[in-house]
Amino acid sequence: MSKKNLAVLAAASAALLLTACDATNIKMGDEGAKTVATGGAAGEATSGANSALEKCASPLGTVSLVENQDAGWYTILRNEYKLPPTANLLRLLIQQSNCFVVVERGAAGMKAMGRERQLQDSGEMRKGSNYGKGQMVASDYAMSPEIIFSEGDTGGMGAALGGLIPGTGGRLAGAVAGASKTREASTMLTLVDNRSGVQVAASEGSASKTDIGGLGSLFGSTAGGNIGGYQNTPQGKIIAAAFMDAYNQMVRALRNYKAQSVQGQGLGGGGRLGVDGGVAPGQTSAPGSAPKSKKK
């Protein structure tokens, strides 16, 4: 073996040894393990928040997270993707944005608060614990998340590329595209006023990521190995990005919020759409018809 080959082999062995040593170390705060929801929040203070998150100068009110745990998307989230409730993710984004103050209404949190009050009522808590009535903060709004669809592999480029490029090049292109994966997710958020039951805002969000897989195996280990790192990226990261996109869309709309109003009797007073040609309450004529002329 030539000296040049020996040098290359020695360098490769050293690199492999360093990689093996590095693999034994825990990387706290590793960027590769994060979602778009990063850092922390304490009151209105934040640390390490994603710079792409929309923010507010001051809160618009209090909000609670309401998840429909009987929905099909929630079952898939929990059973197939093994992900925690979306409320955990949204709590962080909402507090970091400073657009709302989050109040606890989840089953586990409410149970914990109830337990402390039971201990207070039993007389077991020390004097001054102050768990009396009238301290819970009302939830002005309820935010409900929903995953419209989430797909872990929407590539399908292998056969198409292989057919477009003839010969060996086509087979290589097909191999690369066939190993590629596109992860996609589409989400929605709705915001409802808890006092009136009126929906005040709704938004959608989406995210996708394509992994160009297989290049390392085509060119061999000396090319730097497989660069398809996103093949191991959990679908949860794409779902998190889609929810952050939906939340950003909602905040942008809320900055220009203007309450809807109904002419005549106002909200819930009968509306302006008459039934069977009739006239709705508070209206002098059916919608779209000419107003009745007054008798002289």
Side-chain angles (χ1 to χ4, degrees), residues 22 25-67 77 81 83-104 106 140-152 154 180-191 200-212 227-258:
D22 186 60
N25 297 325
I26 296 176
K27 296 181 179 180
M28 188 170 61
D30 185 14
E31 292 296 326
K34 293 180 180 293
T35 67
V36 293
T38 59
E44 64 177 18
T46 63
S47 173
N50 193 318
S51 60
L53 178 65
E54 295 285 346
K55 297 179 176 61
C56 298
S58 60
L60 301 170
T62 58
V63 68
S64 56
L65 278 302
V66 181
E67 286 181 307
L77 184 83
Y81 296 133
L83 294 174
T86 57
N88 297 349
L89 166 75
L90 291 168
R91 283 170 181 268
L92 175 59
L93 295 177
I94 293 170
Q95 188 166 353
Q96 286 182 330
S97 74
N98 197 40
C99 294
F100 299 94
V101 175
V102 182
V103 295
E104 178 62 81
D140 297 322
Y141 307 103
M143 183 178 292
S144 298
E146 183 177 359
I147 299 176
I148 306 302
F149 76 87
S150 177
E151 180 58 59
T154 60
S180 301
K181 293 183 179 180
T182 297
R183 302 176 187 272
E184 298 178 346
S186 179
T187 59
M188 285 197 69
L189 291 175
T190 55
L191 188 69
V200 295
S203 62
E204 63 81 30
S206 61
S208 67
K209 184 64 180 179
T210 300
D211 166 39
I212 307 299
I227 65 171
Y230 284 100
Q231 286 179 334
N232 297 322
T233 299
Q235 186 71 11
K237 291 188 177 183
I238 305 302
I239 294 174
F243 271 121
M244 181 169 167
D245 183 43
Y247 184 70
N248 281 345
Q249 298 287 353
M250 178 175 285
V251 171
R252 294 184 190 113
L254 288 173
R255 288 199 185 108
N256 301 308
Y257 178 75
K258 183 178 180 181

Open item on the list: Could you tell me if the side chain of Val63 sits less than 4.5 Å from the side chain of Val103, heavy atoms only?
Closed with: no

Task: Side chain Gln96, main chain Thr38, donor-acceptor under 3.5 Å - done: yes

- [ ] Taking the side chain as every heavy atom from C-beta outward, state whether Tyr141 and Ser64 have any pair of such atoms under 4.5 Å apart.
- [x] no

TODO: Considering non-hydrogen atoms only, spot the tightest contact between Phe100 and Met143 and give its length.
DONE: CE1-CE, 4.5 Å

- [ ] Would you give the length of the straight line joining atom OG1 of Thr46 to atom NZ of Lys55, rounded to the nearest 0.5 angstrom?
- [x] 6.0 Å

Task: Shortest non-hydrogen separation from Pro145 to Glu67 and the atoms involved - done: CG-CG, 3.8 Å

Task: Separation of Leu191 CG from Cys99 SG (nearest 0.5 Å) - done: 11.0 Å

Task: Residue pair Leu189 / Ser144, side-chain heavy-atom distance below 4.5 Å - done: no

Open item on the list: For the backbone of Glu44 and the side chain of Asn98, can you confirm whether one donor and one acceptor N or O come within less than 3.5 Å of each other?
Closed with: no

Task: Leu65 side chain reached by Val102 side chain, heavy atoms, under 4.5 Å - done: yes

TODO: Of all the heavy-atom pairs spanning Met250 and Ser203, show the shortest one and how long it is.
DONE: CB-OG, 3.4 Å

Task: Shortest non-hydrogen contact from Glu184 toward Ser208 - done: CG-CB, 3.6 Å

TODO: To the nearest 0.5 angstrom, please state how far the CD1 atom of Ile147 sits from the CG atom of Leu83.
DONE: 7.5 Å

Open item on the list: The criterion is side chain to side chain donor-acceptor pair (under 3.5 Å); which residues satisfy it with Asp140, sequence neighbours excluded?
Closed with: Thr62, Arg195

- [ ] Please assess Ile148 against Glu204 for the test side-chain contact (heavy atoms from CB on, under 4.5 Å), listing each intermediate value before the final yes or no.
- [x] CA-CA 9 Å; Ile148 306 302; Glu204 63 81 30; over 6 Å; no

Task: Phe243 side, atom CZ; Met188 side, atom CE - distance, nearest 0.5 Å - done: 10.5 Å

Open item on the list: On a heavy-atom basis, which atom in Ile239 and which in Thr187 lie closest, and how many Å separate them?
Closed with: O-CG2, 4.4 Å

- [ ] Look at Glu104 together with Arg91 and state whether they make a salt bridge at an N to O cut-off of under 4.0 Å.
- [x] yes

Task: Side chain to side chain, Lys237 and Lys209, heavy atoms closer than 4.5 Å - done: no

Open item on the list: Give me the atom names and distance for the closest heavy-atom approach of Ala207 to Ala241.
Closed with: CB-CB, 3.6 Å

Open item on the list: Between Glu54 (side chain only) and Gln249 (backbone N and O only), is there a donor and an acceptor less than 3.5 Å apart?
Closed with: no

Open item on the list: Quick check for you: to the nearest 0.5 Å, what is the distance between Leu60 atom CG and Arg255 atom CZ?
Closed with: 10.0 Å

